[in-house]
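Naming: A, B, ... by sequence-line order, numbering from 1 per chain.
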2 protein chains.
Amino acid sequence: MNRPSFRNWQSVQEEVRRRIHAREWKPGDLIPNESELAQEFGCARTTVNRALRSLAESGVLDRRRKAGTRVAAQPVAKATLDISVIRIEVEERGQKYGYQRIERDAAVPPLAISGAMKTSAQRPLLHIRALHLADDAPYAFEDRWINPDVVPDAMQEPFDSVSANEWLLRHAPYTHGEIAFSATSATPDEAAILGCPASSALFAIDRLTWDGAASVTKVRLLFGPGHQLRTVL
Amino acid sequence: MNRPSFRNWQSVQEEVRRRIHAREWKPGDLIPNESELAQEFGCARTTVNRALRSLAESGVLDRRRKAGTRVAAQPVAKATLDISVIRIEVEERGQKYGYQRIERDAAVPPLAISGAMKTSAQRPLLHIRALHLADDAPYAFEDRWINPDVVPDAMQEPFDSVSANEWLLRHAPYTHGEIAFSATSATPDEAAILGCPASSALFAIDRLTWDGAASVTKVRLLFGPGHQLRTVL
DNA sequence: CAGATTATTATGTATGCACATAACATCATT
DNA sequence: AATGATGTTATGTGCATACATAATAATCTG
């Protein structure tokens with residue numbers, strides 16, 4: 001029997017996936033090296049490398065120089081969440097997007113905020129509270145602090161029609177950030193804003209972005225009961 | 001002035017990132033094509049391609065054949081969550097992992113389950129309920145249904161010391177899956193198991209995995225109040 | 001001029017080769 | 001036997017070249 005040839009990296013990847021799935025290569029197993037696979041598959045080593053590198057990125061393989069490539073013993077599923085602007089998120093659900101600014105002022109933030117943002121405890125920050133709507137119903141409550149030292153232009157923005165969520169993405173570049181997801185019980189205030197019973201279980205996204213060593217903005221987004229963040233594995 | 005040369009793809013990537021961050025290339029802008037950049041950077045087109053491809057994967061650039069490469073207008077932040085085995089998760093927090101099986105039986109699932117898993121409404125599935133502990137305190141409550149047609153070996157497993165969470169990853173290959181995050185109010189039953197007040201806001205992860213067209217398992221993981229799922233941007 | 005055909009162009013990828021680098025193995029030295 | 005130098009090996013990457021492919025632009029044709 002003449003073995004089929006795998007002449008592009010996608011088909012090599014598929015074949016490797018198949019062998020792992022078929023348990024020909026079991027979790028923890030060392031697989032043949034690139035040169036051997038290239039010979040077997042009838043393609044260049046570069047092509048095999050491309051396929052294996054991609055599989056390593058998605059967590060299926062563990063690769064180490066000299067040590068070789070092995071099937072991930074503990075296959076960590078990598079779920080990639082696309083965090084976009086809320087307006088886009090709502091529109092992609094086929095709903096009408098709406099926005100309401102609730103509050104905008106400069107204020108000295110609670111210590112938890114200035115601490116996390118590494119700003120001076122007395123320094124007033126720009127504080128925005130707003131509601132995002134989907135089909136005229138409350139969708140997400142945004143509570144945001146902006147560092148005016150990093151984004152001075154924000155002080156001139158009213159954020160009454162364009163959300164800070166959207167404005168910042170366009171005007172405030174950042175280098176890195178942290179994001180956390182959690183569940184929280186609605187305070188009476190939050191419940192009133194989101195139009196849900198007090199103590200409802202809300203889905204919370206906390207995000208903190210940095211431009212180098214300085215924090216840009218810290219935001220908490222609260223989603224009403226029933227909200228799901230979904231993706232594929 | 002002699003321009004610096006960028007002789008590896010990481011430094012090319014860095015330079016592109018810098019230009020975008022410095023607004024030399026603004027969101028939506030078409031950037032020079034690979035050949036031009038290769039010439040400017042004094043490297044091969046392959047190297048530029050590697051850098052730009054990687055940036056496109058992370059959502060910073062939009063690339064289309066012939067149309068060229070442009071800076072993403074709506075930079076979607078891609079948060080990658082590593083979903084691993086709960087035991088590993090706990091151990092990585094430096095805590096002692098514990099496991100308790102609460103229930104194991106074959107039962108006809110609610111319609112919501114058989115519907116989602118696309119199994120016959122009368123078909124009994126393997127039902128496991130278990131508690132994961134961190135430093136002897138409740139950490140996560142696992143409520144799982146397993147499709148015995150796809151994972152017959154599971155019927156022989158007691159799941160009293162090794163969690164289904166871990167056993168399945170080792171013994172039940174899957175091709176794809178869905179995952180959803182949400183917040184939910186603790187039922188009295190759940191509250192008792194997790195040792196928290198009834199109606200507490202719990203963080204829920206729902207996962208459904210498939211092997212081709214057949215569902216492998218559907219699981220709901222509930223985490224106690226205060227639990228956060230965090231990652232970097 | 002509408003619609004189909006063809007050319008052009010930028011990205012996508014395969015290949016052979018070379019060398020870099022990390023990690024491990026081996027052997028020599030104290 | 002501990003320590004350090006050296007070699008070996010598998011992956012990681014760069015380069016030149018060639019061709020593939022998708023999408024657009026230009027051209028031809030009825």
Side-chain angles (χ1 to χ4, degrees), chain A residues 2-17 19-20 24-76, chain B residues 3-17 19-20 24-73 75-76:
Chain A
N2 210 340
R3 65 164 166 277
S5 74
F6 300 91
R7 329 203 78 271
N8 59 45
W9 73 269
Q10 289 95 334
S11 69
V12 169
Q13 193 188 54
E14 234 175 273
E15 173 63 10
V16 172
R17 281 207 133 100
R19 291 186 185 183
I20 293 171
E24 288 173 33
W25 293 338
K26 297 184 196 61
D29 278 5
L30 196 64
I31 75 173
N33 71 36
E34 295 185 346
S35 310
E36 288 166 338
L37 288 176
Q39 197 174 342
E40 186 192 343
F41 292 152
C43 65
R45 184 171 78 89
T46 329
T47 307
V48 173
N49 179 278
R50 180 82 169 83
L52 299 189
R53 174 164 35 92
S54 160
L55 286 169
E57 267 166 26
S58 53
V60 175
L61 297 175
D62 274 340
R63 321 194 71 195
R64 266 168 53 221
R65 275 174 172 160
K66 160 76 182 176
T69 300
R70 49 184 71 234
V71 180
Q74 221 61 75
V76 276
Chain B
R3 65 164 166 279
S5 72
F6 301 91
R7 330 202 79 271
N8 60 44
W9 73 268
Q10 289 95 333
S11 68
V12 169
Q13 194 188 56
E14 236 176 89
E15 172 63 9
V16 171
R17 280 207 132 99
R19 292 187 185 184
I20 293 171
E24 288 174 33
W25 294 338
K26 297 185 196 60
D29 278 5
L30 198 63
I31 75 172
N33 70 39
E34 294 186 347
S35 310
E36 288 166 341
L37 288 177
Q39 197 174 342
E40 186 193 343
F41 292 152
C43 66
R45 184 171 78 89
T46 330
T47 308
V48 174
N49 180 278
R50 181 85 167 78
L52 299 189
R53 175 163 35 92
S54 160
L55 285 169
E57 267 166 23
S58 52
V60 175
L61 296 176
D62 275 341
R63 321 194 71 196
R64 266 169 53 219
R65 275 176 172 157
K66 161 75 183 178
T69 301
R70 48 186 70 236
V71 179
V76 277

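Distance CG (B:L30) to P (C:dT9): 15 Å, rounded to an integer number of Å. Regarding A:E57, its CD atom lies at a distance of 16 Å from the P atom of D:dT11, rounded to whole Å. In this entry the distance linking CD of A:E34 with P of D:dG12 reads 6 Å, nearest Å. Per the geometry, CZ belonging to B:F41 stands 18 Å off P belonging to D:dT13, to the nearest Å. Rounded to whole Å, atom C1' of C:dA14 lies 16 Å from atom CD of A:Q13. A:N33 has its CG atom 12 Å from the P atom of D:dG12, to the nearest Å. Separating the CG atom of B:L61 from the C1' atom of C:dA10 is a distance of 14 Å, rounded to the nearest angstrom. To the nearest angstrom, P of D:dG14 lies 5 Å from CG of B:N8.
Residue A:N49 places no side-chain N or O under 4.0 Å from the OP1 or OP2 atom of D:dT11. A sub-4.0 Å separation between OP1 or OP2 of C:dT13 and a side-chain N or O of A:Q10 is present.
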Acceptor/donor pairs from residues 48-56 of chain B side chains to any protein atom, 3.5 angstrom cut, sequence neighbours excluded:
| from | atom 1 | to | atom 2 | distance (Å) |
| --- | --- | --- | --- | --- |
| B:N49 | ND2 | B:E34 | OE2 | 2.8 |
| B:S54 | OG | B:Q13 | NE2 | 2.6 |

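If you check residues 62-71 of chain B against DNA chain D, the residues with a heavy atom closer than 4.0 Å are B:R64, B:R65, B:K66, listed by number.
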- Given B:I20 and B:I31, is the side-chain contact (heavy atoms from CB on, under 4.5 Å) satisfied, shown in steps? CA-CA 10 Å; B:I20 293 171; B:I31 75 172; over 6 Å; no

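Counting only heavy atoms from C-beta outward, the side chains of B:N33 and B:E36 approach each other to under 4.5 Å. B:W25 has its side chain within reach of B:V16: a pair of non-hydrogen atoms, C-beta onward, lies under 4.5 Å apart.
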Identify the pairs formed between an N or O of the protein and an N or O of nucleotides 15-19 of chain C at a distance under 3.5 Å, and give each distance.
| from | atom 1 | to | atom 2 | distance (Å) |
| --- | --- | --- | --- | --- |
| C:dT15 | OP2 | A:A44 | N | 2.9 |
| C:dT15 | OP2 | A:T47 | OG1 | 2.5 |

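Across all non-hydrogen atoms, the minimal contact from B:R7 to B:G42 is NH2-O, 4.3 Å. Contact record, A:L30 with A:A67: CD1-O, 3.6 Å, taken as the closest heavy-atom pair. A pairwise comparison of heavy atoms in B:K26 and B:V71 identifies O-CB, 3.4 Å as the closest pair. Scanning all heavy atoms of the two residues, the minimum distance from A:A72 to A:G59 falls at CB-O, 3.4 Å.
Taken from CD in A:E40 to CG in A:L37, the straight-line distance is 6.0 Å, to the nearest 0.5 Å.
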